[in-house]
Protein chains: 2
Amino acid sequence: MTPIDDDSVVEPTQPGRKRDPSRDASILEATLEVLAEVGAASLTMDLVAARAGAGKATIYRRWTSKTQLVIDAVAHMKRNQVDLEHLPDTGTLRGDLLGLFKPQSMEESERRLKIMTGLASLLSQDRELADAANGAVVKPWADAHFALMQRAVLRGEISASADIQTLSQIVPSMAAYRSLVQRKPMELAFLLSMIDGVVLPALGIHRFDVPSVTPTRRGAGGAKRRPKP
Amino acid sequence: MTPIDDDSVVEPTQPGRKRDPSRDASILEATLEVLAEVGAASLTMDLVAARAGAGKATIYRRWTSKTQLVIDAVAHMKRNQVDLEHLPDTGTLRGDLLGLFKPQSMEESERRLKIMTGLASLLSQDRELADAANGAVVKPWADAHFALMQRAVLRGEISASADIQTLSQIVPSMAAYRSLVQRKPMELAFLLSMIDGVVLPALGIHRFDVPSVTPTRRGAGGAKRRPKP
DNA sequence: CAGTTTCGAAACTTGACAGTTTCGAAACTC
DNA sequence: GAGTTTCGAAACTGTCAAGTTTCGAAACTG
């Protein structure tokens, strides 16, 4: 949060109309929408104002600059996050990792990644913004993976010597890179090749059932079937 | 390459001063320098012209727009690339992967990643540019990893059933993400945690010597020393 | 009610920069 | 040498959008 630091402290009641808190939410929400649609480069304050049904003066009364607004908007989306409380619990790590991706969670991730992609143009300008994006999109996702892996360790499913810290970042980071540079959307095939081709093997899990997923030999992009000839 | 398509074909000799081919190189080189220093967002044609010791007219005689110039510059840096011909050959995959990073290759990668980071602002605008960046920075690196892994398969060091296609992309992509979003430079510690914590374990290699690398217990962000207890 | 602040809307100011054009000098063809 | 194209430098044009100001109406305080 970095709104214009108003009179929040010691204040003997001020005259005049009060600020409408609903405007804050509208503006932040509009910012995220525009961000996802046209990207930060083409995001103009007029566009945001129009979308929020607000005047530019109202925006500049709360944020000092476009960059600050965007940073705040990105941080704002950290809410509605993956609940570290109720993570999937299917009994196997593979099931858990895939379970993270079932319901609306899929399109929510897609949305976040889209916003991050649009953010690209500002990432190189502000370290602060880059941190916010990382913290809002990749970090919580990695945290979830970390928690799931930790549980798998306790359960005895995987070795305690595995480098869980590093491995938990693979899927989120690769997904972000993929979205950012390669411009490909979230796809199950990608997830599967990451989980089955990288994460699980690295954790020492080489045999796993593939229940109810694409009966036609998954095309993870090169996983050979036959071992040494 | 997308210079203004001049009279290259059927041409009966033209009058007038000839184009100085050395200007092309100067301009492209200057573009890359500026790109690495201030990023594409703050890259102006005047800046490039000044750096190259050229006039803007000279630039616009060869490229139609800033974007085209940048795309060409990025493609231009594909030269001086990792030679797929003479890759390191140390006898072990780990040695080979690390060997890719010894000499000036380290700072060259650093430079490329810096350029890519600066490029971020345009990545979201042009798919073409994003492809060029991916092709110039990440792709060749991944190709090298792929070749090294393939050799390890033939040598019998790793199983042929491993998803080499996916695994060869891990290090380059993660390095790019790291540089792009987290703004951290290339570091040996990062490489080690990727190779020892992810890639090699995923290939089924769990025990490896750590010869002549940081006698003081490497702090690779979590790679534990002892394998399964 | 008098005074103050907020609101949305719209007009305005300003700086930055992509792309053009102009200029005088050099380099080339015939 | 006449005509043409290139060169670097610098002046010029045009657009776009960030940020500011103004306005009339609403909302609040005392």
Side-chain angles (χ1 to χ4, degrees), chain A residues 2-4 6-8 11-27 29-31 34-35 38-73 118 121-122 125-126 129, chain B residues 2-4 6-8 11-31 34-35 38-73 121-122 125-126 129:
Chain A
T2 320
I4 294 178
D6 59 88
D7 25 85
S8 32
E11 203 55 37
T13 1
Q14 249 175 323
R17 179 174 175 171
K18 300 225 170 76
R19 285 206 184 167
D20 181 352
S22 79
R23 298 342 278 125
D24 294 64
S26 299
I27 294 168
E29 202 46 56
T31 304
V34 175
L35 218 43
V38 304
S42 310
L43 176 149
T44 69
M45 296 305 254
D46 297 85
L47 221 48
V48 172
R51 177 69 63 102
K56 284 207 288 177
T58 304
I59 298 180
Y60 279 104
R61 203 173 285 118
R62 288 146 209 259
W63 290 276
T64 55
S65 71
K66 167 176 160 175
T67 304
Q68 283 304 316
L69 169 63
V70 171
I71 291 175
D72 236 36
S121 53
L122 292 184
Q125 317 283 306
D126 276 83
L129 182 55
Chain B
T2 320
I4 296 179
D6 58 88
D7 25 83
S8 32
E11 203 52 39
T13 358
Q14 249 174 324
R17 180 173 174 172
K18 297 225 171 78
R19 284 207 184 165
D20 182 353
S22 79
R23 299 339 284 127
D24 294 64
S26 299
I27 294 168
L28 290 174
E29 202 45 55
T31 304
V34 175
L35 217 44
V38 304
S42 309
L43 176 149
T44 68
M45 295 305 254
D46 296 85
L47 222 47
V48 172
R51 177 66 65 101
K56 284 208 289 177
T58 304
I59 298 181
Y60 279 104
R61 205 173 283 118
R62 287 146 210 258
W63 290 276
T64 54
S65 71
K66 168 175 159 175
T67 304
Q68 283 304 315
L69 170 63
V70 171
I71 290 176
D72 236 36
S121 52
L122 293 184
Q125 317 284 308
D126 275 83
L129 183 55

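Every chain is numbered from 1, with letters handed out A, B, ... down the list of sequences. Atoms considered below: every heavy atom in the structure, side chains included; atoms not considered: hydrogens, waters and symmetry mates. Since the structure is predicted, the reported quantities are computational estimates derived from the model, not experimental observations.
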Rounded to whole Å, the CZ-P distance (Arg61(B) to dT21(C)) equals 12 Å
Taken to the nearest whole Å, CD/Gln125(B) to C1'/dA18(C) is 14 Å
Pro15(A) has its side chain closest, among dA18(D), dA18(C), dG3(C), to dG3(C)
| said: Is Lys18(A) close enough to dT6(C) that one of its side-chain N or O atoms is under 4.0 Å from OP1 or OP2 there? | reply: no
From CA spacing to verdict: side-chain contact (heavy atoms from CB on, under 4.5 Å), Leu28(B), Trp63(B) = CA-CA 11 Å; Leu28(B) 290 174; Trp63(B) 290 276; 3.7 Å; yes
Under a 3.5 Å limit on both distances, the Watson-Crick or wobble mate of dG24(D) is dC7(C)
Here the distance between atom C1' of dC28(D) and atom CG of Asp20(A), to the nearest Å, is 13 Å
| said: Distance criterion of 3.5 Å, no angle test: do you see the side chain of Arg17(A) paired donor-to-acceptor with the base of dT6(C)? | reply: yes
Between CG of Leu47(B) and C1' of dA16(C) the distance, given in whole Å, is 13 Å
*asked:* Mind checking if Leu43(A) touches a base, just sugar-phosphate, or nothing, with heavy atoms under 4.0 Å?
replied: sugar-phosphate
Would you mind classifying the nucleic acid contact of Ala49(B) as base, sugar-phosphate or nothing, using non-hydrogen atoms under 4.0 angstrom?
nothing
As its Watson-Crick or G-U partner within any shown strand, both distances under 3.5 Å, dT29(D) has dA2(C)
Item checked: Short side-chain N/O contact from Lys56(A) to OP1 or OP2 of dA17(D), under 4.0 Å -> no
side-chain contact (heavy atoms from CB on, under 4.5 Å) between Leu43(B) and Thr31(B), intermediate numbers included
CA-CA 8 Å; Leu43(B) 176 149; Thr31(B) 304; 4.2 Å; yes
Note: Gly53(B) and Arg23(B) closest approach over all heavy atoms is O-NH2, 3.6 Å
The nucleotide from dG8(C), dG19(D), dA18(C) with an atom nearest the side chain of Thr44(B) is dA18(C)
Atom CD1 of Ile59(A) and atom P of dA9(C) are separated, to the nearest Å, by 11 Å
(message) Does a side-chain N or O of Thr58(A) approach OP1 or OP2 of dG8(C) to a distance below 4.0 Å, or not?
(response) yes
Can Leu69(B) and Lys66(B) be said to form a side-chain contact (heavy atoms from CB on, under 4.5 Å), step by step? CA-CA 5 Å; Leu69(B) 170 63; Lys66(B) 168 175 159 175; 5.6 Å; no
Rounded to whole Å, CE of Met45(A) lies from P of dA17(D) at a distance of 13 Å
Taken to the nearest whole Å, CZ/Arg51(B) to P/dG8(D) is 16 Å
Rounded to whole Å, CH2 of Trp63(A) lies from P of dT20(D) at a distance of 16 Å
Any base atoms under 4.0 Å from Asp46(A), or only sugar-phosphate, or nothing? Heavy atoms, all strands.
nothing
Of all heavy-atom pairs linking Ala49(B) and Gly55(B), the shortest is CB-C, 4.3 Å
Against the side chain of Ala57(B), the closest entry in dG3(C), dG19(D), dA9(D) is dA9(D)
Please check the phosphate of dT6(D) (OP1 and OP2 only) for any side-chain N or O of Arg19(B) closer than 4.0 Å.
yes
Assert: residue with more 5' nearest nucleotide on DNA chain D, out of Gly16(B) and Gly55(B), is Gly16(B)
| task | Could you give me the CA-CA distance, side-chain angles and deciding distance for Thr67(A) and Gln125(A), then say whether side-chain contact (heavy atoms from CB on, under 4.5 Å) is met? | result | CA-CA 10 Å; Thr67(A) 304; Gln125(A) 317 283 306; over 6 Å; no
